Engineer: 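Encoded as structure tokens, here's the structure I'll be asking about.
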Number of protein chains: 2
Amino acid sequence: MAATSPSVEGPAGSTVDQTAVERPRRAAYRRLPVQQRREQLIAVALELFASRPPEEVSLDDVAEAAGASRPLVYRYFAGGKQQLYEAALRSAASELTTRFTVEPTTGTPTQQLGAVLHRYFDFVGEHAAGYGALLRGGSVVETGRTSAIVDDVRRAALRRTLRHLGVREAGPRLTLLVRSWISVVEASAISWLDEGRQIPVDSLCAWLVDQFVVMAAATAVRDGQTAEVLHGWLQLETTDSPAGVLLTRLRDIGF
Amino acid sequence: MAATSPSVEGPAGSTVDQTAVERPRRAAYRRLPVQQRREQLIAVALELFASRPPEEVSLDDVAEAAGASRPLVYRYFAGGKQQLYEAALRSAASELTTRFTVEPTTGTPTQQLGAVLHRYFDFVGEHAAGYGALLRGGSVVETGRTSAIVDDVRRAALRRTLRHLGVREAGPRLTLLVRSWISVVEASAISWLDEGRQIPVDSLCAWLVDQFVVMAAATAVRDGQTAEVLHGWLQLETTDSPAGVLLTRLRDIGF
């Protein structure tokens with residue numbers, strides 16, 4: 001397939017010298033090495049899907065924005081818009097997954113969690129239209145394959161969160177807790193987009209960190225593993241860290 | 001359209017005497033009044049979609065289970081399986097929505113919330129295959145219309161929960177709290193189905209009630225409206241109600 005061959009694109013069946021690649025052929029058209037063209041088309045598609053719902057992006061829009069012809073886009077993505085959408089989604093999913101990584105920064109566990117959430121909301125803000133459409137569901141481009149890509153991201157988020165908690169083998173209740181919290185993060189992202197980003201991101205991330213702490217606490221009262229993990233976590237917190245401030249405030253309101 | 005006419009089904013264009021309706025015409029086929037047949041087909045479809053993923057249910061399966069012919073099913077659902085699926089989904093959605101109603105039983109708010117959750121999990125258990133497929137997304141029968149039906153159910157759940165809390169006009173944070181909690185309920189339902197109903201329903205419902213209480217508490221520390229609602233709610237709780245027991249247990253683990 002053209003898209004996976006390491007050669008350079010040219011008229012069908014021809015081979016093109018690498019050195020000729022950067023010479024413009026016509027105004028809006030530049031020859032690019034195959035892999036580079038593929039990545040360019042995905043990047044252009046991703047940008048369009050980020051700013052408009054998938055329904056409103058056509059293959060012609062992608063071709064035009066990429067300075068390429070429609071047949072050329074089809075040469076790379078024979079499955080048309082659907083295939084291009086899935087490639088863009090995979091690229092976005094992989095980018096999002098890298099943001100889940102907790103950097104070995106200083107800070108308490110809740111401070112680190114807050115930093116990951118900020119990176120996640122940056123992503124949501126950058127890909128607003130596409131991300132919203134994807135999570136709301138029912139889009140014409142949604143298939144078993146696109147759902148599988150989204151599920152992979154959720155699984156990655158689950159794994160990273162458990163690793164962040166220092167857990168190797170999570171029991172059913174700890175797994176349920178983390179999965180549920182991830183669904184809260186997603187629901188908040190959709191609400192945030194739907195309501196014109198009314199709640200400031202800082203405040204939303206702080207709220208989500210607090211939610212994690214209390215959801216873990218309410219799970220810990222029924223589950224030994226969660227209790228142990230939470231206990232270990234809280235020992236690393238300080239009185240002015242998110243968890244510390246939350247505990248003080250909860251006591252203030254009688255909890 | 002046949003499906004909305006108040007007449008009785010018969011050969012196309014014919015009129016049939018109501019008194020002849022219940023006389024069997026051939027072994028597996030009974031004439032039914034139009035509305036009754038329509039409801040029967042939806043009920044049969046609902047049962048099939050409840051026990052198998054939508055992909056594995058064909059129009060022939062529905063016809064066979066209903067003791068009807070394929071052309072007859074098409075006469076009622078010209079849009080074929082997709083239309084029948086949407087009708088079944090609407091019927092299930094309306095049934096589910098009625099379960100959200102808080103009965104004027106005695107009991108504290110958290111006891112009432114637990115009762116609603118039990119009714120919800122009964123529904124999830126009864127419609128396991130279809131409900132799981134629907135919430136997991138990416139099914140071939142999923143469209144903008146099916147997502148809209150699911151969203152209507154979520155909105156109904158939001159309204160009922162706010163009404164249960166005695167709230168007329170919910171601000172952004174209280175809305176976010178309730179929406180987020182509803183997503184926790186959904187995520188738990190999917191986990192429960194995916195993991196072979198490992199956690200007992202009673203325990204899962206109790207956990208979800210606890211989650212509501214603590215999520216509200218962590219929202220209350222940043223939002224006056226939520227604080228007021230929570231305060232009013234907790235005054236109605238007793239030491240042996242779910243909220244009362246949770247508070248004692250949280251204190252026991254140092255919260």
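Keep in mind that this is a model prediction, so the values were computed, not measured. Numbered from 1 within each chain, the chains take letters A, B, ... in sequence-line order.
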Engineer: So what's closer than 4.5 Å to chain B heavy atoms on A/Ala148: side chain, backbone, both or neither?
Structural biologist: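 Contact with chain B: none, neither part.
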Engineer: Heavy-atom pairs under 4.5 Å with chain A - which of B/Asp210, B/Asp151, B/Val150 has more of them than the others?
Structural biologist: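 Looking at each option in turn, the highest pair count goes to B/Asp210.
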Engineer: Does a sphere of radius 6.0 Å around CD in A/Glu47 hold more than 12 heavy atoms from other residues, nucleotides or ligands, not counting ones at 6.0 Å or beyond?
Structural biologist: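 For A/Glu47, atom CD is not crowded (no more than 12 foreign heavy atoms under 6.0 Å).
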Engineer: In terms of heavy-atom proximity below 4.5 Å to chain B, should A/Leu204 be classed as side chain, backbone, both, or neither?
Structural biologist: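 Contact with chain B: side chain only.
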Engineer: Quick one about A/Arg179 and B/Ser188 (side-chain donor to acceptor, distance below 3.5 Å, no hydrogens or angles considered), yes or no?
Structural biologist: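 B/Ser188 vs A/Arg179: no donor-acceptor pair found between side chains.
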Engineer: Measure the CD-OG1 distance between A/Gln198 and B/Thr175 for me, rounded to the nearest 0.5 Å.
Structural biologist: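 Atom-to-atom, A/Gln198:CD and B/Thr175:OG1 are 9.0 Å apart.
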Engineer: Could you check if a side-chain atom of B/Met215 sits within less than 4.5 angstrom of a side-chain atom of A/Val184, using non-hydrogen atoms only?
Structural biologist: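 Sidechains of A/Val184 and B/Met215: in contact.
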Engineer: Just verifying a value: how many Å separate B/Ser183 OG and A/Ile182 CD1, rounded to the nearest 0.5 Å?
Structural biologist: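 Nearest 0.5 Å value for the OG-CD1 distance: 11.5 Å.
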Engineer: Could you check whether any side-chain heavy atom of B/Trp207 comes within less than 4.5 Å of a side-chain heavy atom of A/Leu176, counting everything from C-beta outward?
Structural biologist: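 Counting from C-beta outward, B/Trp207 and A/Leu176 do come under 4.5 Å.
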Engineer: Taking 4.5 Å as the heavy-atom cut-off, does anything in residues 217-236 of chain A contact chain B, and if so which residues?
Structural biologist: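 Listed by number, the contacting residues are A/Ala217, A/Ala218, A/Thr219, A/Ala220, A/Val221, A/Arg222, A/Leu230, A/Leu234.
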Engineer: Measure distances from A/Ile199 to the heavy atoms of chain B and classify the residue's part below 4.5 Å as side chain, backbone, both or neither.
Structural biologist: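 The side chain, not the backbone.
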